Amino acid sequence: MLPAELPYNGKSREDILRHARLLIGKRLADLYPKTVFTGASGKGGFGNHVEKYHFKYEPNSVSEPDFPDAGVELKTSPLRKSRRGHWKSKERLVLGLINYDGIVKEIFENSAFLKKNHHLLIIFYEHDGGASLPNLMVHLVGDWRYPDNDLAIIEKDWATIQSKVLAGRAHLLSEGDTVYLGASTKGSNAKSLRNQPFSDVKAMQRAFALKSRYVNFIIENFESGERPSGQTSPIFATDEKKRLATVGFDNLVVSRFDRYVGKSPRAIANANSLTINFQAKSAYANLTKGVLIGQLDAEIEEFRKAGITVRTIRIDYEGTPREAVSFPAFEYIELVKEEWEDSNLMADCAKLFIVVYQCANRIFDDKKLRLKGAFFWNTPVEDLEHARETWGKTREVINNGAIVSSVSGSRRRTNFPGAKGNPVVHVRPHGTTTADVYPLPVPDLVTGAFEYTKHSFWLNQKYLRRVIAESLPD
DNA sequence: GCATGATCATGC
DNA sequence: GCATGATCATGC
């Protein structure tokens, strides 16, 4: 079909949006009951159906936006419901393949990426593995343009990806490299290797994608019609877009901590007029929050949108971490349904903000802690592969009902992957007591129970030692 | 001494 | 009541 024949070519953005909104609360089968739906199912299938049966044009993959005159790009994206009943993005929002040969010749303002994706029309539907495409339910529809600071961060993200390709390192691209816009793998594995212009090493095919947490932010906007209702506060004022696009988000955040290196946590709290309860286990996390946004009763907006987690690590005089670092407890039933690319562990590991306090005494003493520094840790691809191994083994153990290996008194041993078997991530308990449990998808063979003590993924102590030594050299 | 199991203190 | 970020305790 020629563009001139497109029914919505020439229509205004408002008209297109109005038509899209007809889908809210509906399935294609409701709107077009007499239609015989044909075409591929599977990934991308729903988007094709919406183009074909609702907007009446044949799906294409041209580099222009789907509605050229209105400058709007149509996207469909799946939702899942959180345990608390809120809509969450099921996965990242893919915004087109990265052309390694093309991106190195572009500047952002005129890039293929920006041309196609500066204005999105997003149709969110409920993921349902069992339903056919015409029976998927649409829940949220809206158009999306990026706030100024977000676009500045995305510009820098794009430039980060470009510079890696320019350096002949396209094969080392990783989601953690960037803040909101990631270079997401596309195609499962070695089969989708591509040439890159400045190296003979083949690189994974990758696509630009808004990270899952950023998509959650868009969802919250669509739901509330305004800013997210949860209390968040930004690190950067709206007039800092220039510095965000040039100096970069990571550098600007880290520089906020540089002036406190060598200072005690209490001194840092005082310098920022923060009243912190140092009895609380969340004291360090609160301190970090206070330094960045000046208040304790809100979340760091940019971190939430980027899915960056803050962790504080205390190290001894020699540089050894006191403890491993935990992520939130996983739900067994959810974990076994995940795909690696969209897993919680992948998102948790991809990008961390780590604040390190070191003991000034040879004998460890919490009162002698001094800030050693703060840094972003973007877990490299090879380490993510190790994390994936732990993730896979954990799912296997759960699916086989083989969590418990032995019980002796009140202590039980499990078959979960330990720190000995993996250089990066292991599994440990993570609840209030052993009675603090989540349900299991299959009962445990040893205990017969349909639930088990909460567990989570932990970053190994030894791994953290290496990470800190690398990021904060003496 | 390290790896693993168990639990704490808070705030929403 | 429970998620979160963190720390304590024990056995090999």
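As a basis for the values below, the full set of heavy atoms in this structure was taken, side chains included, without hydrogen atoms, waters or symmetry mates. Quick caveat, the model's predicted, so the values are computed rather than measured. A, B, ... follow the sequence lines: proteins, then strands. Residue 1 opens every chain.
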For [X] and [N], what is the distance between atoms [atom1] and [atom2] respectively, to the nearest whole Å?
{"X": "A:Leu369", "N": "C:dA6", "atom1": "CG", "atom2": "P", "value": "13 Å"}
{"X": "A:Lys420", "N": "B:dG1", "atom1": "NZ", "atom2": "C1'", "value": "12 Å"}
{"X": "A:Glu299", "N": "C:dA3", "atom1": "CD", "atom2": "C1'", "value": "12 Å"}
{"X": "A:Tyr438", "N": "C:dG1", "atom1": "OH", "atom2": "P", "value": "15 Å"}
{"X": "A:Gln279", "N": "B:dG11", "atom1": "CD", "atom2": "P", "value": "11 Å"}
{"X": "A:Asp366", "N": "C:dT7", "atom1": "CG", "atom2": "C1'", "value": "9 Å"}
{"X": "A:Arg412", "N": "C:dT10", "atom1": "CZ", "atom2": "P", "value": "17 Å"}
{"X": "A:His455", "N": "C:dA6", "atom1": "NE2", "atom2": "C1'", "value": "17 Å"}

When you measure from the side chain of [X], which nucleotide among [options] comes out closest?
{"X": "A:Tyr284", "options": "B:dA6, C:dC2, C:dT7", "value": "C:dT7"}
{"X": "A:Arg413", "options": "C:dA3, C:dA6, B:dG5", "value": "B:dG5"}
{"X": "A:Arg311", "options": "C:dG5, B:dA6, B:dT10", "value": "C:dG5"}
{"X": "A:Thr414", "options": "B:dG5, C:dT7, C:dA6", "value": "B:dG5"}

>> Looking at A:Glu155 and A:Lys241, is any side-chain nitrogen of the basic one under 4.0 Å from a carboxylate oxygen of the acidic one?
In response: no
> So, are A:Lys305 and A:Glu299 salt-bridged, with charged N and O less than 4.0 Å apart?
Replying inline: no
Across the strands shown, which category fits [X] at heavy-atom distances under 4.0 angstrom: base, sugar-phosphate, nothing?
{"X": "A:Thr309", "result": "nothing"}
{"X": "A:Glu323", "result": "base"}
{"X": "A:Pro429", "result": "base"}
{"X": "A:Asp436", "result": "nothing"}
{"X": "A:Thr434", "result": "sugar-phosphate"}
{"X": "A:Arg314", "result": "sugar-phosphate"}
{"X": "A:Ser282", "result": "nothing"}

> Between A:Ser326 and A:Thr432, which has a closest nucleotide on DNA chain C that is more 5'?
Replying inline: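 In this pair, the answer is A:Thr432.
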> Side chain of A:Gln461, base of B:dC2: donor and acceptor closer than 3.5 Å?
Replying inline: no
> Do the side chain of A:His430 and the base of C:dG5 come within less than 3.5 angstrom through a donor-acceptor pair of N or O atoms?
Replying inline: yes
>> Pick the closest DNA chain B nucleotide for A:Gly418 and for A:Thr433 by heavy atoms, then say which residue is nearer the 5' end.
In response: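 On the 5' side of the pair lies A:Gly418.
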>> I want to confirm an ordering. Mapping A:Ala324 and A:Thr453 to their closest nucleotides on DNA chain B, which one lands closer to the 5' end?
In response: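 That would be A:Ala324.
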> Do you know which two heavy atoms are closest between A:Gln461 and A:Ala324, and how far apart they sit?
Replying inline: CG-N, 3.9 Å
Is the distance from OP1 or OP2 of [N] to the nearest side-chain N or O of [X] less than 4.0 Å?
{"X": "A:Lys462", "N": "B:dC2", "result": "no"}
{"X": "A:Asn277", "N": "B:dA9", "result": "no"}
{"X": "A:Lys281", "N": "B:dT7", "result": "no"}

> For A:Glu470, does the CD atom sit with more than 12 other heavy atoms under 6.0 Å from it, leaving out its own atoms?
Replying inline: yes
>> Check the orientation of A:Tyr180 and A:Tyr214. Use parallel for under 30°, tilted for 30 to 60°, and perpendicular for over 60°.
In response: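 It falls in the tilted class, 30° to 60°.
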> Looking at residues at least two apart in the chain, or sitting in another chain, which of them share a salt bridge (charged side-chain N to carboxylate O under 4.0 Å, His left out) with A:Arg370?
Replying inline: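 Salt bridge (charged side-chain N to carboxylate O under 4.0 Å, His left out) list for A:Arg370, sorted by chain: empty.
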>> Are A:Phe257 and A:Phe353 an aromatic pair, judged by ring center distance below 6.0 Å?
In response: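 Yes - the distance between ring centres of A:Phe353 and A:Phe257 falls below the 6.0 Å cut-off.
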